[in-house]
Amino acid sequence: MGISIAFSKSVKNTLHLIGAASFITAYITADSESFRLVHVYCGYGFGIIFLLRLCWGAIAGGASSLGALWRRASMVKGIQADIKALQIQRLWNWNRWYGAFMGVFILVMYVLTPLLVLTGIGGYEEWGGKWLRAIFEGSHETLGEMYLFIIFVHLALVGVRYVRTRLLESRAAVSDPAVN
């Protein structure tokens, strides 16, 4: 008895949406003292969603697993080999580039998330006193900015893929005599 693909995708998408909302809310409320608790609780929520995504990937497997993510990210090695060997035809494969770089960016997000959450907790809870709190807060802010940049790159890749897919579909519809 396995988990249906549709159910697995809906759980993954729900966790993705909640995680994105909690990060954006935490980012927006980061500099406001009056919304500090909102920032903190959204940060905790973001960390919990991250742990749930890791657990779901282990349970459901497939595209949600860390192994699948690692395989996508390691496609960069094949691209590098094709560049060195001047395999021009293989380098024109958009899906390969998209998969490789999306895998790398998501893997970086998976590495940064625990660091982002832990530096936030360390700063809020004042681990190590005031001097270490300043280090945690500075690191937390820098990691947040890096994470936001990666989110923008992630969204840009998704947007380019969407536009590319729509253009290819419209070309196929124009060139298909059965449609006209």
Side-chain angles (χ1 to χ4, degrees), residues 5-30 42-43 45-117 119-120 139-175:
I5 293 173
F7 179 73
S8 177
K9 190 170 185 171
S10 67
V11 169
K12 186 176 94 172
N13 289 343
T14 302
L15 290 174
H16 187 271
L17 181 65
I18 295 169
S22 64
F23 176 81
I24 295 300
T25 304
Y27 187 84
I28 290 170
T29 59
C42 284
F46 185 64
I48 291 168
I49 293 298
F50 172 72
L51 292 174
L52 289 173
R53 291 253 341 226
L54 286 177
C55 291
W56 186 253
I59 293 168
S64 298
S65 71
L66 284 176
L69 181 59
W70 183 257
R71 284 188 296 278
R72 285 180 76 184
S74 64
M75 289 170 54
V76 171
K77 288 187 230 173
I79 292 172
Q80 287 175 329
D82 288 342
I83 290 171
K84 285 180 183 177
L86 293 175
Q87 296 290 330
I88 304 300
Q89 189 63 30
R90 290 177 50 98
L91 291 173
W92 283 108
N93 186 345
W94 157 257
N95 290 327
R96 193 166 168 225
W97 285 90
Y98 175 82
F101 285 105
M102 190 63 87
V104 167
F105 284 114
I106 294 171
L107 194 61
V108 170
M109 290 168 95
Y110 271 50
V111 169
L112 287 180
T113 299
L115 297 172
L116 184 63
V117 172
T119 56
S139 300
H140 183 68
E141 187 173 334
T142 301
L143 289 168
E145 297 297 332
M146 289 170 53
Y147 206 93
L148 185 65
F149 173 75
I150 292 169
I151 288 172
F152 285 142
V153 172
H154 175 72
L155 291 173
L157 285 170
V158 170
V160 169
R161 181 180 182 194
Y162 177 80
V163 169
R164 183 180 181 278
T165 301
R166 294 297 167 247
L167 285 173
L168 291 175
E169 288 174 354
S170 66
R171 284 185 191 165
V174 169
S175 65

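Owing to the predicted nature of the structure, the values given are computational and were not obtained by experimental measurement.
Looking at heavy atoms from C-beta onward, L157 lies out of side-chain contact with R161 at the 4.5 angstrom threshold. By the 4.5 Å heavy-atom criterion applied to side chains, L148 and Y27 are counted as neighbours. For the pair M109/I151, a side-chain contact is recorded, criterion being any heavy-atom separation below 4.5 Å from C-beta on. For the pair N13/L17, no side-chain contact is recorded, criterion being any heavy-atom separation below 4.5 Å from C-beta on.
Across all non-hydrogen atoms, the minimal contact from W56 to K12 is NE1-N, 4.4 Å. G47 approaches V117 most closely through the heavy-atom pair CA-CG2, 3.8 Å. Nearest heavy atom pair, residue A26 against residue C42, reads CB-CB, 3.8 Å. The minimum heavy-atom distance linking A100 with M75 is given by the pair CB-CB, 3.7 Å. Contact record, L116 with G144: CD1-N, 3.4 Å, taken as the closest heavy-atom pair. Across all their heavy atoms, T119 and L143 have their closest contact at OG1-CD1, 3.9 Å.
Annotation: the span from Y162 atom OH to L167 atom CG amounts to 10.5 Å, rounded to 0.5 Å. To the nearest 0.5 Å, atom CZ of residue R53 and atom OG1 of residue T113 are 9.5 Å apart. Atom CE of M146 and atom CD of E141 lie 13.0 Å apart (nearest 0.5 Å). How far CD1 of I150 is from CG of L107: 10.5 Å, rounded to the nearest 0.5 Å.
Between Y147 and F46, the ring planes are perpendicular. Angles over 60° get that label, and only those under 30° would be called parallel. A tilted orientation is assigned to the rings of F105 and F101, their planes being inclined by 30° to 60°. Below 30°, between 30° and 60°, or above 60°: for H16 and H154 the angle between ring planes is between 30° and 60°, a tilted geometry.
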Would Y98 and V160 count as a side-chain contact (heavy atoms from CB on, under 4.5 Å) if you check the C-alpha gap in whole Å, the side-chain angles of each, and the deciding distance to 0.1 Å?
CA-CA 9 Å; Y98 175 82; V160 169; over 6 Å; no

One pair to check against side-chain contact (heavy atoms from CB on, under 4.5 Å): I49 and L52. What are the steps and the verdict?
CA-CA 5 Å; I49 293 298; L52 289 173; 4.3 Å; yes

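Formation of a donor-acceptor pair under 3.5 Å by the S22 side chain with backbone atoms of G19 is found in this model.
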